[in-house]
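Everything on this sheet refers to the single structure shown next.
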Amino acid sequence: MIEYRSIAELVDLAEKDGCRISEIVLADQAEFMEKSVWELQDMMGERLAVMEDSIDKSNRSDLRSTSGLTGGDSYKMLQYYEGNEGLLGGFVDKAVARAIGVAEYNASMGKIVAAPTAGSCGIMPGCLVSMLRDRGYKRENVLMSMFTAAAIGMVINNRASLAGATGGCQAECGSAAAMTAAALTELMGGSPAQCADAAAIALKNQLGLVCDPVAGLVEIPCIKRNAQGVVTAFCAADIAMAGIRSYIPVDEVIAAMKSVGNALPETLKETAGGGLATTTTGLRLKAQVFGTKDNK
Amino acid sequence: MSTTVFDIIGPIMIGPSSSHTAGAVRLGRVAWKMLEDEVAEAHIQFAGSFATTGKGHGTDRAVIAGCLGMHSWYDDVPRSMEIAKEKGIKFTFENIDLPDAHPNTAIIRLVGKSGKESTVEGASIGGGNIFVKSVNGMDVEYTGKNNTILIRHIDKPGAIAAVTNFMFYAEMNIASFRMSRKKRGGEALMMIETDNDVPDSVLNSLKILPNVINVILMKKL
């Protein structure tokens, strides 16, 4: 059984068998969970379905979060790209709109899939559902790529962290982008090594990213960080597919992410004690939602 | 049980926060399970971050949803307070100070239609995981990692032996065992984590053992 303590190991196993990382992982997890591969694929399929549903339910202009602070930006983004190619082009802008939507839906108590966390729940759906719906990739291949994504996440979880409170946003949105970049690369026919490089390149770009949520809620700037995570994932996957290697191997990038996370002060790790959370506007928004100490 | 791919891409949950929403539903659900009666009243106290940010995370709705028996992925979670009102259930919330407790702690006291009460104190420790500190004043330290059998019994010699012997005959492997009691010879609680699935036949047999008051299965979360 695989211990998921290194991505290099996953790449080696996949290359040895001449198959995708996802196939190695699926077989391993089926054995570990004592279920059939079809049962596992069904379970992953259920998650993909919830991701699609969260996208379809979040494109309304009147979507509003529980706190009232956010909502309706996915709708705006979708309206924008309808008439414009923008700078990123319709495909990426639509994926960004979808990621924003899922994150807004999360903030309005919608049903989402934590991938790997609720705070970063928009990145994977934004990218993968766009590949499914707008680039014609087959559902079974998109599904399989999620096993590769999850394996990357397992290694990060074992060697570093997936929690903002421990590693800042680099651990949540950074990990989501890295996981998704690997999935995208596999989906496009990249080799196991290229998937690992894509993950490294994505994660490298998120090092030092802090968790500084305004009012302590998973909204500002979390929703827009999901938007950025989509772009990071697509960019990293394209770079890897071009045959460009990451100079630093992915397992070392993960170790770096861990040490950077440890170096971050508590004020920047999901305590709303610094960064954007303590800006003038950030504090005003906090008072707007929760009242001030005097008039609670 | 160790992490699987479905813990990384997953859980499926009602947002926005696995600790402040999904974990809160789970805590409420534990209280509901312990009550073993239809809920008439729910009195909830929040401490720490639950108290300060609960409003924005829907923690209040999440706990009520759990008290109604919902799971953290049910679509009705955001509407739980309206549903509770429709059922005529009274509920109150209070923010309190608990200096030594985990930052996401709730004390949930439920009153059943028959007058029965159950009080659960627990914390949402991150990622949707929970840690139940006590049930009805008795320390349990329940985490939901394994199938857990909770046995209310009278603290008499042989009560525990009867249960563990039966588990042996039923070929159930005990992963951990914990017992706690309010006072010697009084009501006590066994908390047994098992690696196995627990069929109803096992629960029914445990219920008729000497000195056992009641048996509840808390399935692995």
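Order of the sequence lines sets the chain letters (A, B, ...), proteins ahead of strands, with each chain counted from 1.
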query: Given the options A:Asn158, A:Ile156, A:Val289, A:Leu40, which has more heavy-atom pairs under 4.5 Å with chain B than any of the others?
result: A:Leu40

- prompt: Does B:Arg79 pair with B:Glu82 as a salt bridge, N-O distance under 4.0 Å?
  reply: no

- line: Per-residue tally against chain B (heavy atom, under 4.5 Å) across A:Val113, A:Ile112, A:Val25, A:Thr66 peaks at A:Ile112

task: Could you check which of B:Ser72, B:Gly58, B:Ser18 has the highest count of heavy-atom pairs closer than 4.5 Å to chain A?
output: B:Gly58

query: Does B:Asn146 reach the main-chain N or O of B:Glu193 with its side chain, forming a donor-acceptor pair under 3.5 Å?
result: no

field: Short side-chain donor-acceptor distance under 3.5 Å, B:Thr92 and B:His43
entry: yes

task: State whether the side chain of B:Asn165 and the backbone N or O of B:Ala161 hold a donor-acceptor pair below 3.5 Å, judged by distance alone.
output: yes

task: May I have the step-by-step check of side chain to side chain contact (heavy atoms under 4.5 Å, CB included) for A:Phe147 and A:Glu186, ending in yes or no?
output: CA-CA 10 Å; A:Phe147 283 97; A:Glu186 178 179 295; over 6 Å; no

- prompt: Side chain, backbone, both or neither: which part of A:Val218 has an atom under 4.5 Å from a heavy atom of chain B?
  reply: both

task: Please answer whether the main-chain N or O of A:Gly216 pairs with a side-chain N or O of A:Lys286 as donor and acceptor at a distance below 3.5 Å.
output: no

- prompt: Quick one: what part of A:Ala215 sits under 4.5 Å from any heavy atom of chain B, side chain, backbone, both or neither?
  reply: backbone

- prompt: So which of A:Pro116, A:Ser67, A:Cys121 has the biggest tally of heavy-atom pairs under 4.5 Å with chain B?
  reply: A:Pro116

message: So for A:Met179, is it side chain, backbone, both, or neither that comes closer than 4.5 Å to the heavy atoms of chain B?
response: side chain

